[in-house]
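For the numbers below, each heavy atom of this structure counts, side chains included, while hydrogens, waters and symmetry mates do not. Position 1 is the first residue of the sequence; numbering continues from there.
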Amino acid sequence: MAAARDPPEVSLREATQRKLRRFSELRGKLVARGEFWDIVAITAADEKQELAYNQQLSEKLKRKELPLGVQYHVFVDPAGAKIGNGGSTLCALQCLEKLYGDKWNSFTILLIHSGGYSQRLPNASALGKIFTALPLDIPECSGKTSCIIQSILDSRCSVAPGSVVEYSRLGPDVSVGENCIISGSYILTKAALPAHSFVCSLSLKMNRCLKYATMAFGVQDNLKKSVKTLSDIKLLQFFGVCFLSCLDVWNLKVTEELFSGNKTCLSLWTARIFPVCSSLSDSVITSLKMLNAVKNKSAFSLNSYKLLSIEEMLIYKDVEDMITYREQIFLEISLKSSLM
């Protein structure tokens, strides 16, 4: 009788766990030739991403979270039209040739394309999907448990199974529903995040002033889906609700000014619906109010706020402030661990 085989997803998960454990063994150690790549090259979409990547690489090397003795480089794509992975590869190879001459042919090189503003991982759009957080103890995050990554949660805070919280601070009166993603947020007041919601906060630099905005929508919302005319935006859905109905709830008019960028490609990505606030906590709470207004079918006017689209939030992003916020959380967690 043939031996029973594990389902493919189980084998894949086990293989991934083995690789993560092996990577953890190499962190902070001087690797010998052949143990790891000689060069790790990362591509960036623009200079802001390049700055973010270099800063994060520097911090991770200081904290010995990466293998040592490896040459890490960030190469920014040329300005202008997107050149795709093929064009980005050629540019990266040219940069390597300039740095190492003919010697680079003898190196084992890992080239990671990370120059996109990820649609599938919007929380990684600002600081790059290559630096999407992984737990250091590599727990198995599944639908049966919650996954907390470099975050500070009050012991009375509740996070339902299947949810992920990263780089956030949550107070005692915060409850997170099932299958949510919370990133870069700060919530100390009483708040309830509905199940299947996505909440991601960004620092912004606008007119030389530090501001904040939080994108919030359903994890199943299709940010890529677009329509060509204003009359068709009823085909878009926000948190599973007709987008036109959402605009009524928020007291927003249907005009071309409601969308940024190409006016013949209207989508949730370009919809100016997310409020700009002066503090991170206010930003999160305000966006949660607009989310809950849709879910509960209760009015919440956005007329008095400066509104941005996700597209614009990424343009105004303040990389340095977001990295500083993450570092503060990391240092606080490290201090608490050392005192235990």
Would you give the length of the straight line joining atom CZ of R21 to atom OG1 of T16, rounded to the nearest 0.5 angstrom?
10.5 Å

How about K234: does its NZ atom have over 12 heavy atoms from other parts shown lying under 6.0 Å from it?
yes

Can you measure from CD1 (I315) to CG (D46) and round to the nearest 0.5 angstrom?
9.5 Å

Which heavy atom of L280 sits nearest to which heavy atom of Y186, and what is that distance?
CD2-CB, 3.6 Å

Tell me the ring pair (Phe, Tyr, Trp, His ring centres under 6.0 Å) pairs involving residues 238-258, sequence neighbours left out?
F238-W250

Quick check against the 3.5 Å criterion: does E312 have a side-chain atom that pairs as donor or acceptor with the backbone of S309?
yes

L202 side chain reached by M322 side chain, heavy atoms, under 4.5 Å
yes

So T264 and N262, side chain to side chain donor-acceptor pair (under 3.5 Å) or not? Walk me through it.
CA-CA 5 Å; T264 61; N262 189 340; 2.7 Å; yes

Can you list the steps and then say if I149 with V165 is a side chain to side chain contact (heavy atoms under 4.5 Å, CB included)?
CA-CA 6 Å; I149 305 172; V165 180; over 6 Å; no

Ring-plane angle category for F36 and F23, please: parallel below 30°, perpendicular beyond 60°, tilted otherwise.
tilted

Is there a side-chain contact between L258 and K253, using heavy atoms and a 4.5 Å cut-off?
no

Could you tell me if the side chain of D321 sits less than 4.5 Å from the side chain of Y212, heavy atoms only?
yes

In plain terms, say whether D38 and R33 are close enough for a salt bridge, that is, a side-chain N and a carboxylate O under 4.0 Å apart.
yes

Around atom NZ of K306, are there more than 12 heavy atoms from other residues, nucleotides or ligands closer than 6.0 Å?
no

List the atom of I329, the atom of S168, and the distance in Å for their closest heavy-atom pair.
CD1-N, 3.9 Å

Student check: side-chain heavy atoms of I39 and V70 closer than 4.5 Å:
no

Assign the ring pair F107 / Y100 to parallel, tilted or perpendicular, where the plane angle (0 to 90°) is split at 30° and 60°.
perpendicular

S260 vs E311, test: side chain to side chain donor-acceptor pair (under 3.5 Å). Steps then yes/no.
CA-CA 7 Å; S260 62; E311 179 182 60; 2.6 Å; yes

Does this structure show an ion pair linking E327 with R63, if we count only N-O contacts that are shorter than 4.0 Å?
yes

Would you say that H73 contacts C95 through its side chain, given a criterion of any heavy-atom pair below 4.5 Å between the two side chains?
no

Under 4.0 Å between a side-chain nitrogen and a carboxylate oxygen: does that hold for E320 and K48?
no

How long is the straight-line distance from CD of Q220 back to OG of S197, given to the nearest 0.5 Å?
12.0 Å

Side-chain touch K228/L266, heavy atoms, less than 4.5 angstrom
no

Can you find a heavy atom in the side chain of M290 that is under 4.5 Å from one in the side chain of L302?
yes

Is the shortest heavy-atom distance from the side chain of L308 to the side chain of M206 under 4.5 Å?
yes

Once rounded to the nearest 0.5 Å, what's the spacing between atom CG of L111 and atom OG of S88?
6.5 Å

Heavy-atom pair of closest approach, residues I310 and M215:
CG2-CE, 3.8 Å

Does atom CG of N105 have more than 12 heavy-atom neighbours from other groups under 6.0 Å away?
yes

Of S183, S281, S201, S287, which is the lone residue that meets side-chain hydrogen bond (donor to acceptor under 3.5 Å, both in side chains) with T214?
S201

For the pair D318 and K205, find out whether any cationic side-chain nitrogen is under 4.0 Å from an anionic carboxylate oxygen.
yes

So with a 6.0 Å cut-off around CD of E332, is the heavy-atom count from everything else above 12?
yes

